[in-house]
Amino acid sequence: MKIIIPVDFSDNSLNALDFAVALAGKKDGEIILVHVIEAVYDFASQASIAMDNMYKDAESHMAETLKKYQDEDLKIRTVIKEGTASISITRIARDLDATLIVMGTQGVSGIAAALIGSTTINVIKESSVPVLVVPAEANALEIKKVALALEFANHEDKFIDWVIAMSQRWERGLEFVHVQTSLDVKEAPGIHKLEDYLTIHHPGLPVKIHTFYAKTPVEGLDQFLEENEYVILVMCHEHKNLWDQILSRSQTIKMVFHSKVPLLVMV
């Protein structure tokens, strides 16, 4: 398992690192710490000096961070790059064939969520590998289970096996959550299809499916999270074109800002 951890050495990013180390364990896990230095466009001589100083600062912070994990039986290496954070992070994850990106974030709400230019959101939109978003208060040792939120859409089938494998690796229970937003729509066929799939491909796997009735998916997931606090919530995010992103914020993106539990976004 190869995990990319973007770090800016803030408390949130270092908490995400702690979270990732706890999940990776010692089962052939590898952590790659990535720090991206935003390019400086100024007079050439001043820019060169500034970049040199930023590289030296990053190397110093990286060395200090690694000291904390020097006794861990876990492979950790570092990458320092110059560029745009989201582009660099997703490119490194792709080039290194990473299993997962783990990022820390601080939730916001209201107009701030609508206007903020978040690196986390851009990584989700640009990434070709799953992204685990870890809120500041999350603690991996408290996590009891993984919950996969489903809409019973065709694109979700390919994610089920991956999530099952991760929950087993992390030694956490797995449950499924479905939010029914209209009482007129029958969810039974989708649930039966899921049960049949699990019976065929994962015989013996304990299956628990929660169904909540709400006006919106976010409201339904809130109901689930009120009853299940120590959980990693898994959601699927389909990449949308530019106009869709401008005109309609996806439920997954809303949950990134909204959730107080770790959110694993399948892309």
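All values reported here derive from a predicted model rather than from experimental measurement. Keep in mind that the numbers below use all heavy atoms, side chains included, and drop hydrogens, waters and symmetry copies.
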If we only count heavy atoms from C-beta on, is the [X] to [Y] side-chain gap below 4.5 Å?
X: R169; Y: M1; answer: yes
X: T119; Y: M103; answer: yes
X: I5; Y: F19; answer: no
X: L233; Y: V146; answer: no
X: F176; Y: V163; answer: no
X: H35; Y: F9; answer: yes

Ring-plane angle category for H210 and F212, please: parallel below 30°, perpendicular beyond 60°, tilted otherwise. parallel
Is there a side-chain hydrogen bond (donor to acceptor under 3.5 Å, both in side chains) between H178 and Q180 once you walk through the steps? CA-CA 6 Å; H178 174 57; Q180 189 69 33; 2.9 Å; yes
Which heavy atom of [X] sits nearest a heavy atom of [Y], and at what distance?
X: E59; Y: I80; value: CG-CD1, 3.6 Å
X: S167; Y: G173; value: CB-O, 4.5 Å
X: L100; Y: V131; value: CD1-N, 4.3 Å
X: V102; Y: A16; value: CG1-O, 3.8 Å

Say you draw a straight line from NE2 of H201 to CG of D161; how long is it, rounded to the nearest 0.5 Å?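 Reported to 0.5 Å precision, the distance equals 7.0 Å.
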Is the closest basic N to carboxylate O distance between E229 and K260 below 4.0 Å?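 Not counted as a salt bridge, because no side-chain N and carboxylate O are separated by less than 4.0 Å.
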Run the numbers on S10 and D8 for side-chain hydrogen bond (donor to acceptor under 3.5 Å, both in side chains), then give the verdict. CA-CA 5 Å; S10 65; D8 58 7; 2.6 Å; yes
